[in-house]
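If you read the sequence from its start, that first residue is 1, and numbering goes on from there. All ligand and atom numbering here is 1-based and tracks the order in the structure.
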Amino acid sequence: MGRVSEKVAIVTGGASGIGRATAESLAREGADVVVTDIDTGEGEKVVAGINRQGGNAIFEQQDVVDEARWIEIIALTQEQFGRLDVLVNNAGIAPGGPIVDTTLEDWKHLMEVNVDSVFLGTKHAIPAMAASGGGSIINLSSVAGIKGAAGLTAYNATKGAVRLFTKGVARECAQTGIRVNSVHPGIIDTAIWGKMSASMADVEGGSVLDAATADGANAPDVEAIAIGLQVPMGHAGKAEEIADGILFLASDESSHMTGSELVIDGGFTC
Ligand SMILES: NC(=O)c1ccc[n+]([C@@H]2O[C@H](COP(=O)([O-])OP(=O)(O)OC[C@H]3O[C@@H](n4cnc5c(N)ncnc54)[C@H](O)[C@@H]3O)[C@@H](O)[C@H]2O)c1
């Protein structure tokens with residue numbers, strides 16, 4: 001038997017990195033998975049791969065800041081699969097830069113993608129999960145939601161918000177059968193680092209990123225970043241290692257956990 005068989009899950013940002021690995025592992029362990037992302041091309045490839053391996057997944061294009069689309073995604077999940085048990089609020093962005101160079105527009109955009117999305121998904125998933133008799137909401141925070149990082153202050157604010165929002169909703173839902181937990185990855189080898197390196201040049205970790213970007217292109221060596229930032233285990237994590245933690249929180253193995261923060265960071269915050 002799969003660890004999440006007969007469960008129905010939505011994974012946002014499932015076209016890449018941690019979201020992709022999570023969709024694959026939930027499907028491998030028996031869940032029906034709705035993969036969503038703004039990136040339709042990559043998202044459809046992920047779903048095709050899952051279905052080729054004998055899993056059951058569909059792709060839906062979704063911008064997680066759009067409330068009307070959230071309502072549609074949850075309704076179509078219920079129509080197609082009959083229920084909703086698991087929501088992984090994973091989609092996120094991590095632009096960096098010194099606070100004095102961060103515009104109010106940059107700040108609001110980051111808040112919208114990283115925080116409004118988690119609020120909207122959680123708000124609209126709760127009634128659907130209640131109708132299924134309970135569920136598990138897993139919100140991607142970060143080690144940046146626990147400790148500060150110069151050059152990532154706006155990102156710090158978003159991930160700190162996700163951490164405490166999770167705990168508040170966990171308390172509010174504690175007697176409903178709906179569990180709400182946050183996951184805090186450390187330095188994980190995904191495409192997100194390539195998307196942030198250009199704007200990190202002048203800030204903490206920037207020299208590490210520059211050194212790791214041998215050809216000056218947007219493809220930093222995340223292994224070198226983990227070493228540069230002195231992750232105690234001495235290497236970057238893999239997306240699959242975060243997916244393993246998310247799978248645990250999605251499954252009934254974590255039935256007494258709500259409001260917890262699962263740190264998976266090679267010792268970075270210890
Ligand atoms: N990789 C790390 O080191 C790390 C560390 C801590 C936390 N995280 C968090 O983990 C989550 C996943 O990050 P990742 O490393 O897999 O990044 P990634 O860039 O590989 O994947 C993120 C996915 O989210 C999608 N996305 C971005 N904006 C979206 C939007 N508005 N609507 C829908 N989809 C959108 C992207 O298209 C992409 O497919 C993020 O919330 C990130 O902040 C990552």
Any non-hydrogen atom of [X] lying under 4.0 Å from ligand 1?
| X | answer |
| --- | --- |
| K159 | yes |
| A21 | no |
| G186 | yes |

If you have a sec, work out which protein heavy atom is nearest [atom] and how many Å separate them, to one decimal?
| atom | value |
| --- | --- |
| atom 29 (C) of ligand 1 | I38 CD1, 3.7 Å |
| atom 13 (O) of ligand 1 | I192 CD1, 3.9 Å |
| atom 24 (O) of ligand 1 | G13 CA, 3.5 Å |
| atom 14 (P) of ligand 1 | T190 OG1, 3.5 Å |
| atom 19 (O) of ligand 1 | K195 NZ, 2.5 Å |
| atom 43 (O) of ligand 1 | Y155 OH, 2.6 Å |
| atom 31 (N) of ligand 1 | D63 OD1, 3.0 Å |

Under 4.0 Å from any heavy atom of [X], which atoms of ligand 1 are there?
| X | value |
| --- | --- |
| G17 | 16 (O), 20 (O) |
| W193 | 1 (N), 2 (C), 3 (O) |
| A191 | 20 (O) |

If you take the nearest heavy atom of each of [options], which one is closest to [atom]?
| atom | options | answer |
| --- | --- | --- |
| atom 7 (C) of ligand 1 | S141, S16, S117, G92 | S141 |
| atom 37 (O) of ligand 1 | T22, L140, D37, T12 | D37 |
| atom 11 (C) of ligand 1 | I264, V183, I18, N90 | N90 |
| atom 33 (C) of ligand 1 | R20, Q62, R69, H109 | Q62 |

State, to 0.1 Å, how close [X] and [Y] come at their nearest heavy-atom pair, and which atoms those are.
| X | Y | answer |
| --- | --- | --- |
| N156 | A149 | OD1-N, 2.9 Å |
| S141 | K159 | OG-O, 2.8 Å |
| G135 | M129 | CA-SD, 3.9 Å |

Worked verdict on C173 versus I126 for side-chain contact (heavy atoms from CB on, under 4.5 Å): CA-CA 9 Å; C173 293; I126 286 171; 3.7 Å; yes
Can I get a per-line list of side-chain donor-acceptor pairs under 3.5 Å for residues 232-249, giving both atom names and the distance, sequence neighbours left out?
residue : atom : partner : partner atom : Å
E241    : OE1  : K238    : N            : 2.8

Transitive ILVMFWY side-chain link I38 to I58, under 4.5 Å: no
Any N/O pair V64/ligand 1 closer than 3.5 Å: yes
Check whether any side-chain N or O of [X] sits under 3.5 Å from a backbone N or O of [Y] as a donor-acceptor pair, and report yes or no.
| X | Y | result |
| --- | --- | --- |
| T12 | N90 | yes |
| S132 | L84 | yes |
| D37 | E42 | no |
| R179 | T258 | no |
| N89 | L140 | no |

